[in-house]
Peer 1: 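The structure that follows is given in the form of structure tokens.
Since the model is a prediction, treat every value here as computed from it, not as a measurement. FYI, side chains are in, hydrogens and waters are out, and symmetry mates aren't considered; it's all heavy atoms of this structure.
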Amino acid sequence: MRLRVEFTTEPFDLDEAPAHAVVAREVIQTAELDAVDVGPFGNTAEGGADQVLTAVDLLLRKALASGATRVSLQVNVIGEAAQ
């Protein structure tokens, strides 16, 4: 199964990216995912279910440990895994 995750971390800081946002982006960018898109107001990535769920677990743990007070995320099934 393929999944897409979309997430944001808070609190926002429009002047510079907070530590929790930087950490969350690093987790997603270094995970074994494809179609990664990071931006100032939201981030998305796609991949196999195991890879996405592993990345989400690490993202939550690291973002919260780095000062996030809220992590909003959505996970969608987008198809079957490539054979």
Side-chain angles (χ1 to χ4, degrees):
M1 168 183 333
R2 285 186 56 77
L3 301 176
R4 175 183 300 124
V5 61
E6 303 174 49
F7 70 92
T8 59
T9 62
E10 295 178 37
F12 295 113
D13 182 340
L14 296 177
D15 293 327
E16 69 179 77
H20 58 81
V22 172
V23 166
R25 289 180 191 151
E26 287 174 354
V27 167
I28 290 300
Q29 289 175 320
T30 60
E32 295 180 19
L33 303 173
D34 43 71
V36 174
D37 182 28
V38 297
F41 299 109
N43 308 281
T44 62
E46 297 177 7
D50 287 339
Q51 291 79 14
V52 170
L53 295 174
T54 296
V56 166
D57 176 63
L58 188 58
L59 179 152
L60 290 170
R61 292 175 189 278
K62 288 194 167 193
L64 293 169
S66 297
T69 57
R70 174 186 227 163
V71 180
S72 301
L73 65 90
Q74 181 174 355
V75 178
N76 295 300
V77 176
I78 58 171
E80 295 299 315
Q83 300 288 339

Peer 1: Hey, what do you get for CD (Gln51) to CZ (Arg2), rounding to the nearest 0.5 Å?
Peer 2: 9.5 Å
Peer 1: Just wondering, do Val52 and Met1 contact through their side chains at under 4.5 Å, heavy atoms?
Peer 2: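 A side-chain contact under 4.5 Å is absent here.
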Peer 1: Hey, does the side chain of Arg25 reach the backbone of Gly39 with a donor-acceptor pair shorter than 3.5 angstrom?
Peer 2: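 Side chain of Arg25 to backbone of Gly39, a donor-acceptor pair under 3.5 Å: yes, one is there.
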Peer 1: For Thr8 versus Gly42, what's the shortest heavy-atom pair and its separation?
Peer 2: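 Smallest interatomic distance, heavy atoms only, reads CG2-CA, 3.6 Å.
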Peer 1: Do any N or O atoms from the side chain of His20 and from the backbone of Arg70 form a donor-acceptor pair under 3.5 angstrom?
Peer 2: no
Peer 1: Might you point out which heavy atoms bring Asp15 and Asp13 nearest each other, and give the distance in Å?
Peer 2: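 The answer is N-OD1, 2.8 Å.
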Peer 1: Between Thr54 and Glu32, is any pair of side-chain heavy atoms under 4.5 Å apart?
Peer 2: no
Peer 1: Working note: Thr44 + Val5, criterion side chain to side chain contact (heavy atoms under 4.5 Å, CB included); need CA distance, chi angles, decisive distance, verdict.
Peer 2: CA-CA 6 Å; Thr44 62; Val5 61; over 6 Å; no
Peer 1: Compare every heavy atom of Val23 with every heavy atom of Ser66, then report the nearest pair and how far apart it is.
Peer 2: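 Taking Ser66 first and Val23 second, the nearest heavy atoms are OG-CG2, 3.5 Å.
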Peer 1: Tell me whether Ile28 is reachable from Leu64 by hopping between hydrophobic residues (I, L, V, M, F, W, Y) whose side-chain heavy atoms are closer than 4.5 Å.
Peer 2: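 Linked, Leu64 and Ile28 end up in one cluster.
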Peer 1: Do Leu58 and Leu73 share a hydrophobic cluster, counting only Ile, Leu, Val, Met, Phe, Trp and Tyr and linking them when any side-chain heavy atoms are less than 4.5 Å apart?
Peer 2: yes
Peer 1: Using a cut-off of 6.0 Å, state whether more than 12 heavy atoms not belonging to Gln29 lie near its atom CD.
Peer 2: yes
Peer 1: Does one hydrophobic cluster hold both Phe12 and Phe7, with members joined at side-chain heavy-atom distances below 4.5 Å?
Peer 2: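 No, because Phe12 and Phe7 fall into different hydrophobic clusters, even though each may have its own neighbours under 4.5 Å.
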Peer 1: Applying the 4.5 Å side-chain criterion to the ILVMFWY set and letting contacts propagate, would Val75 and Ile78 be lumped into a single cluster?
Peer 2: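 Hydrophobic grouping puts Val75 apart from Ile78.
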Peer 1: For Ala63 and Val71, which heavy atoms make the closest approach, and how far apart are they?
Peer 2: CB-CG2, 4.3 Å
Peer 1: If I compare all heavy atoms of Ala68 with all of Thr9, which pair ends up nearest, and what's the gap?
Peer 2: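 Shortest heavy-atom separation between Ala68 and Thr9 comes out as CB-CB, 4.5 Å.
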Peer 1: Evaluate the criterion salt bridge (charged side-chain N to carboxylate O under 4.0 Å, His left out) for residue pair Asp37 and Arg4; output intermediate values, then yes/no.
Peer 2: CA-CA 11 Å; Asp37 182 28; Arg4 175 183 300 124; over 6 Å; no
Peer 1: So which heavy atom on Ala55 is nearest to which on Ala31, and how close?
Peer 2: CB-CB, 3.9 Å
